[in-house]
Structure formats: C-alpha cells, structure tokens
Amino acid sequence: MKILVCISHVPDTTSKINFTENNTKFDSNGVQFVINPYDEFALTRAMWFKEKQGATVTVVNVGNVSTEPTLRKALAIGADDAIRVNAEATDGFAVAKELAEVVKNGNYNLILAGKESIDYNGGMVPGMLATLLDFNFVNACVGLEIEGEIAAISREIDGGKENLSGNLPLIIAGQKGLVEEKDLRIPNMRGIMMARKKPLSVVEPTTSELATSSTSFEKPAAKSACKIVDNVDELVSLLHNEAKVI
Amino acid sequence: MSVLVFTETSEGKFKKSAFEVTSYGKKVAEQLGTNVVVLAINSSENEVLYKYGAEKVLNVSNNSLDTFNAKVYANVIKQAVEKENAQVVIIDSNTSGLYLAPIAAANLNAGYASNVIALPSSTSPFIVKRKAFSSKAFNNCEISTAIKVIGLAKNSYGIIENEVTGSIEDFSPSLIESNLTSTSIEHTTGTVTIADADIVVSGGRGLKGPENWGMIEELASILGAATACSKPVSDLGWRPHSEHVGQTGKPVASNLYIAIGISGAIQHLAGINSSKVKVVINTDAEAPFFKAADYGIVGDAFEVVPKLIEKLKEFKANNA
Ligand SMILES: Cc1cc2nc3c(=O)[nH]c(=O)nc-3n(C[C@H](O)[C@H](O)[C@H](O)COP(=O)(O)OP(=O)(O)OC[C@H]3O[C@@H](n4cnc5c(N)ncnc54)[C@H](O)[C@@H]3O)c2cc1C
Ligand SMILES: Nc1ncnc2c1ncn2[C@@H]1O[C@H](COP(=O)(O)O)[C@@H](O)[C@H]1O
C-alpha cells in the first residue's frame, strides 16, 4: 500500500485571529502553526498501516516554504518522506488539482486527509480530489480497516454511523474515531533527529487557475454583555419573552 | 438560466434545512433576475416548498436513491444543473450536503464556497460571506467560475415565507454506478441529534461525573433538546464522543445553547459561536464563558438545574 497523507498547516487552536493589510490578509504575527488537528488522526492511522501492514507513508502539503516545519513534524512522527507543492494555498479547488498531480505521479492508492482545515473550514479538498481522480471517497470517516484491496469504512451520520465497503484506490476525510485521541502520535527525540535526514522534495505547481479567492475578512461584531440573572424564574421569563427561544 | 437548490429528505419528508435553502435560493434567484428550481429526491410532499418560493420542483422518485450515496447524488445534481442551465447551486450543510457539495462542484468545474451565512453581497463579481476560523471570523469569498456552488450554513439565513404558485416536474436522471456499498447503518436511537436540534443542553467537567447526567438529560427532554458535552467529558468517557462540541468536535448552530459547568475555553467557544442565544450556569463568576454568553447564572449546577427543571415543567404546563 502506498499512502499519501494530506497535511494542512493551520494556526494553533488557541490562536487569536487578526487580519492585516486592510483586513485582506491573515495576521500570522505571533501565531503558532500546527498540523491540522483532523490530519493528525489521518497521520496516526497511516502509521498504524505502515507498522502493521507494511505500507509506505508520504506526507504532502500545498503551501509556501513557511509550512516546511509542519511537514518536518509529520516526518518526525514517522512518515517516510514529504512533498511540498510550492504554491500559496488559497483556493480549495486549486489545492485539489495540485494534489491530484502528486497522486498520479506517485501512484498512491490510499489517500488520507482530514474532514476540514480549521482555518478556512472549507471541507472541500478531499471530495474534490477524489472526484478529479475518480477514486472512492468517504467523508467524515470514523473507522478504516484494509484487507488486501478491500476497505471497510465507517462514516459519521446524524445520530449514528454508516458502514461501507469498497476497493482501493480510496480517499477518506478523517476525524476523531479513525484512531482514539489518546493514541495520537507526537514526535519523540529520535523521530525529530531522523526527520532532519528524511527527504522533503519541493515540486512546482501545475495550475495557476483559481476558482475562488478571498476578498476580505471581518471579525464578528462585539457582543453585548452577558445578563447575569439571580434565579431560574427570571431566566425562564427572559428566554421566553426577550430571547423568544422557548 | 436558473438557481438550483438541493434539498434533503428523510423518509419522504423534507428536513427543516430544505425550507431554509429554498428561502435562500429564491432570494438569490431574485438578485440574479432568474428563477429558482428545487431538486427533491423521493419526497412525498413537494407542494410544501411553494410556501418558501419554489417556483419549480424537480421531482425525482427512484428507489435506488433511498440510500444516500454522495457520488450518485452529486451526479444527479450535475444532470439537473445541465437540464436547467443553472448557474448557481445551493446545498445545505447537513451531513449529506457537506459530503456531496465538493463532489458536485468538482464535477461541474465550479468554485465552491462552504459555510455561507448571507446572500451574495454582489452578484458580479459574485461575492458571498462565509464563516472561517471556526466562526472566529468571516471571510468574503469571490467565486469566479461560470457555475457557482454555495454551501449554506445551517440556521444562518432563516426560513422565510414567500408563497408562490409553483409547479412540479418529474425528472428521471440516469444513475451512475458507485463502487462503494453501504453495508449497515447503526443508529444511536431515541435522542435528538445535535445537528437537528433547536436547543442543545451541554455539560462540562463541572458536573463531576457521568452519574450526574440524569438532570442534564431530564432538562434536555423537557426542552426537546439534544445533549452535548465539552471535550474532556467525552475524553474521560463520561459521555459518547458524538456529543463532543467545539473546534475539534461538532459545531452547534442551535437557537439556544445551555452550558452547564463548562469553563468556556477558546476551543469550546469556537464550536458554539454560531448558536443564537447562549446561557451559562457556572459557580465561578470569572469563568470565560460569561464573556461569550447572553444570559448567565452564577451558581452551583446541582442546585440551579433541578430548580430550572421544576420551573420549566411549570412553564410548559402553562404554555401547552
Ligand atoms: C487542540 C485542542 C483542541 C481542543 N478542542 C476542544 C473542543 O473541540 N471542545 C472542547 O470543549 N474543548 C476542547 N479543548 C479543551 C479545552 O481547552 C478545555 O480544556 C475544555 O473545553 C474544558 O472543558 P470544561 O469546561 O468541561 O472543563 P473545565 O475547564 O475543568 O471547567 C469546568 C467548569 O465547571 C465549573 N464548575 C465546577 N463545579 C461546578 C458546579 N457545581 N456547578 C457549576 N459549575 C461548576 C468550573 O467553575 C469550571 O468553569 C481542546 C484543547 C486543545 C489543546
Ligand atoms: N494546502 C493543503 N495541502 C495539503 N493538504 C490539504 C491542504 N488543504 C487542505 N488539505 C487537506 O484537505 C483536508 C480538508 O481541508 P479543507 O478542504 O481545506 O477544509 C485537510 O484536513 C487536509 O487533509
């Protein structure tokens, strides 16, 4: 099995979100970037397949040079090699097109991604990639087992889950459940040392076409202060008469 | 030219979101000076959509579409787009909508904006406002392709009545093969799901242990609400993972969110920013949740919640 894990490079979950250049650019000043949390589940699952079933694991990111530390971290967790497509990731469709080239060139047959990037919350790259490649695709994946060419996959649905079966090649957009949170891998010292010597290749993008672009950002309007109420009678009355939600 | 709206049904009935996407689609069509066409798969109540502005309903009845398959559904959307010469496609953000929208967009060579919360601010260029950074900010996004796909965030536009005289047209798309087979569906039965709920009652580590969730469930059942929890609560195994709300859990876009014994960490708040009214019950007046909430009671959950249950029972009895 040749596994490709798609890694999105995002602000840490505690980051304060600010914008610069007249609210047209994300302000990365003082922001720490991490592997997208959903992609950590995908990467950890990939490591399991590598160790138990002898798969190779490549990690890929479409981004500029600033994302390399994030790819190195994925190598330190245990991926064999990394690819960076040297393009600014601003449009999900363009990212999917670049990833499709990487998949074709590397003949990967299992592509693990996250269900969304926590920065732009697009939830679009994996589904678009699968469609460009005509691979089987399962969104919001919470379980994946593979025997030979056949995959047993679970996806989250409202109020439960659906179990599916299908052949490789396959793309999944994963989340918690793919592995347990307590089993998520973090880099150890030896991994970090080894990661320095692992190959990280940079390839140039093949398309410059953008389907979408960001014109500006806004922050939510400041909220009015919380009304502190003394007793439940008052609360119920406010929820009924003022907020009109009960 | 037209605006195509995809609606979701469950056992022949429209999901509530179907009315919201139809209301929204009607307005977008007005902005573009064109008509709205609503695609309904295996619905037994198409006429109800007229009330929200559906001028034309494309009615697809086919037993093979009873089980949702994203690839097959996305292809049906593609055929409808071609038939109706649609330039904008609107899809809801239910689990199925989120799954099929990117597939439909790639099939149509269309730019896709998800989590959209308002009408286009301009149609040429075509710009929509969407949630980003886990609702910590909004992003104005221009879609520049000929066909545009919009994923409408739940509860963001609202259900707006706009009665029209509509018509129903039968549509029989050809169905493509999918190589994925659904083998079984497991339901966690009997509860309102977070995705569908108008009200969500959520508990945090302040509730001390799983044995104390009886009052949370009782409160939820009086309100017809779904139950939810903070991340540590599901990590500790007090509640199922499917209830974990927040930046790395489920997003909540309910009308009312009641947080009990939850501190209000930034990652938790990121998941509930889209809820309209937030109530917090916490012993610590300094808990960050009070900065994010609309109403708060500083008090011990073990005293406040039972009183609230009694009061709501009384309220329900008087307002029944
Ligand atoms: C990468 C990352 C992702 C994360 N993602 C999420 C996420 O998606 N969702 C999420 O929820 N968290 C997430 N977290 C965790 C988050 O940072 C907080 O740790 C968590 O939300 C705290 O949960 P809590 O409020 O239940 O517990 P605590 O922080 O322990 O707060 C308990 C609260 O209960 C109050 N309390 C105590 N006793 C009572 C009583 N008797 N009556 C009333 N109130 C009482 C206390 O005053 C306190 O405010 C994430 C963290 C990281 C690092
Ligand atoms: N720039 C990128 N490079 C590599 N993978 C990406 C990139 N953007 C998104 N992905 C993958 O696609 C998933 C969904 O991202 P998104 O569609 O941006 O919400 C992420 O969890 C990643 O696995």
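Small disclaimer: the values here were computed from a predicted structure and weren't measured. Letters go in sequence order (proteins before strands), and every chain restarts at 1.
- Side chain of B:Asp294 to main chain of A:Lys227: no donor-acceptor pair is present (N/O by atom type, distance under 3.5 Å, no hydrogens or angles).
- Interface remark: A:Val245 contributes backbone and side-chain atoms alike to the contact with chain B (heavy atom separation under 4.5 Å).
- For the residue pair A:Thr215 / B:Asn140, no side-chain donor-acceptor distance below 3.5 Å is found, with atom types taken as modelled.
- Heavy-atom distances place no part of A:Ala130 under 4.5 Å from chain B, backbone and side chain included.
- In this structure the side chain of B:Val298 reaches within 4.5 angstrom of the side chain of A:Ile228, judged on heavy atoms.
- When heavy atoms are compared at a cutoff of 4.5 Å, A:Leu129 does not approach chain B at all.
- Contacts between A:Ile157 and chain B at a heavy-atom distance below 4.5 Å involve backbone atoms as well as side-chain atoms.
- Of the atoms belonging to A:Lys244, not a single heavy atom falls under 4.5 Å from chain B.
- Interatomic distance, B:Ser134 OG to A:Asn121 CG, rounded to the nearest 0.5 Å: 4.5 Å.
- Contacts between A:Pro11 and chain B at a heavy-atom distance below 4.5 Å involve the side chain alone, from C-beta outward.
- Between the side chains of B:His244 and A:Lys176, a donor-acceptor pair is found at a separation under 3.5 Å.
- Both the backbone and the side chain of A:Ile118 have a heavy atom closer than 4.5 Å to some heavy atom of chain B.
- Under a cut-off of 6.0 angstrom, the local environment of CD in A:Glu209 is sparse, with at most 12 non-hydrogen atoms contributed by other residues, nucleotides or ligands.
- Residue with the most contacts toward chain B among A:Pro37, A:Gly166, A:Gly122: A:Gly122 (heavy-atom pairs, distance under 4.5 Å).
- For a residue to count as touching a neighbouring chain, one of its non-hydrogen atoms must lie under 4.5 Å from one of that chain's; by this rule A:Asp91 does not touch chain B.
- For chain B, the option among A:Glu180, A:Lys115, A:Arg155, A:Glu234 with the highest count of heavy-atom pairs below 4.5 Å is A:Arg155.
- A 6.0 Å sphere centred on NZ of B:Lys291 holds no more than 12 heavy atoms belonging to other residues, nucleotides or ligands.
- Contacts of A:Ser15 with chain B are made by backbone atoms alone, with heavy-atom separations under 4.5 Å and no side-chain atom involved.
- For A:Pro220, the parts lying under 4.5 angstrom from a heavy atom of chain B are both the backbone and the side chain.
- Between the side chains of B:Ser182 and A:Glu162, at least one donor N or O sits under 3.5 Å from an acceptor N or O.
- With a 4.5 Å cut-off on non-hydrogen atoms, A:Val138 touches chain B through its backbone and its side chain both.
- With rounding to the nearest 0.5 Å, the separation of CG in B:Asn319 from CD1 in A:Ile246 is 8.5 Å.
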**Prompt:** What do the steps show when you test A:Leu164 against B:Thr181 for side-chain contact (heavy atoms from CB on, under 4.5 Å), and what is the final call?
**Reply:** CA-CA 5 Å; A:Leu164 299 140; B:Thr181 323; over 6 Å; no
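- Formation of a donor-acceptor pair under 3.5 Å by the A:Thr212 side chain with backbone atoms of B:Gly111 is not found in this model.
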**Request:** Please step through side-chain contact (heavy atoms from CB on, under 4.5 Å) for the pair A:Asn139 and B:Thr95, ending with a clear verdict.
**Result:** CA-CA 9 Å; A:Asn139 201 34; B:Thr95 310; over 6 Å; no
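- Note: A:Tyr120 and B:Phe133 have tilted aromatic rings, judged against thresholds of 30 and 60 degrees for the angle between ring planes.
- Side-chain polar atoms of B:Gln267 and A:Thr13 form a donor-acceptor pair below 3.5 angstrom.
- A salt bridge is absent between A:Asp158 and B:Lys250; no separation between the charged side-chain nitrogens and carboxylate oxygens falls under 4.0 Å.
- At a 4.5 Å heavy-atom cutoff, the contact between A:Phe19 and chain B is made by side-chain atoms alone.
- At a cut-off of 3.5 Å, with distance as the only test, a side-chain donor of B:Ser184 or A:Asn163 sits close to an acceptor on the other residue.
- Using a 4.5 Å cut-off on side-chain heavy atoms (C-beta onward), B:Lys71 and A:Phe137 make no contact.
- Summarising the local packing, CG of A:Asn241 is surrounded by more than 12 heavy atoms from other residues, nucleotides or ligands at distances under 6.0 Å.
- When heavy atoms are compared at a cutoff of 4.5 Å, A:Lys16 approaches chain B solely by way of its side chain, counted from C-beta outward.
- By number of non-hydrogen pairs under 4.5 angstrom with chain B, the leading residue of A:Leu132, A:Leu235, A:Asn167 is A:Leu235.
- A donor-acceptor pair under 3.5 Å is formed between the side chain of A:Lys223 and the backbone N or O of B:Ala293.
- With a threshold of 4.5 angstrom between heavy atoms, A:Glu218 approaches chain B through its backbone and through its side chain.
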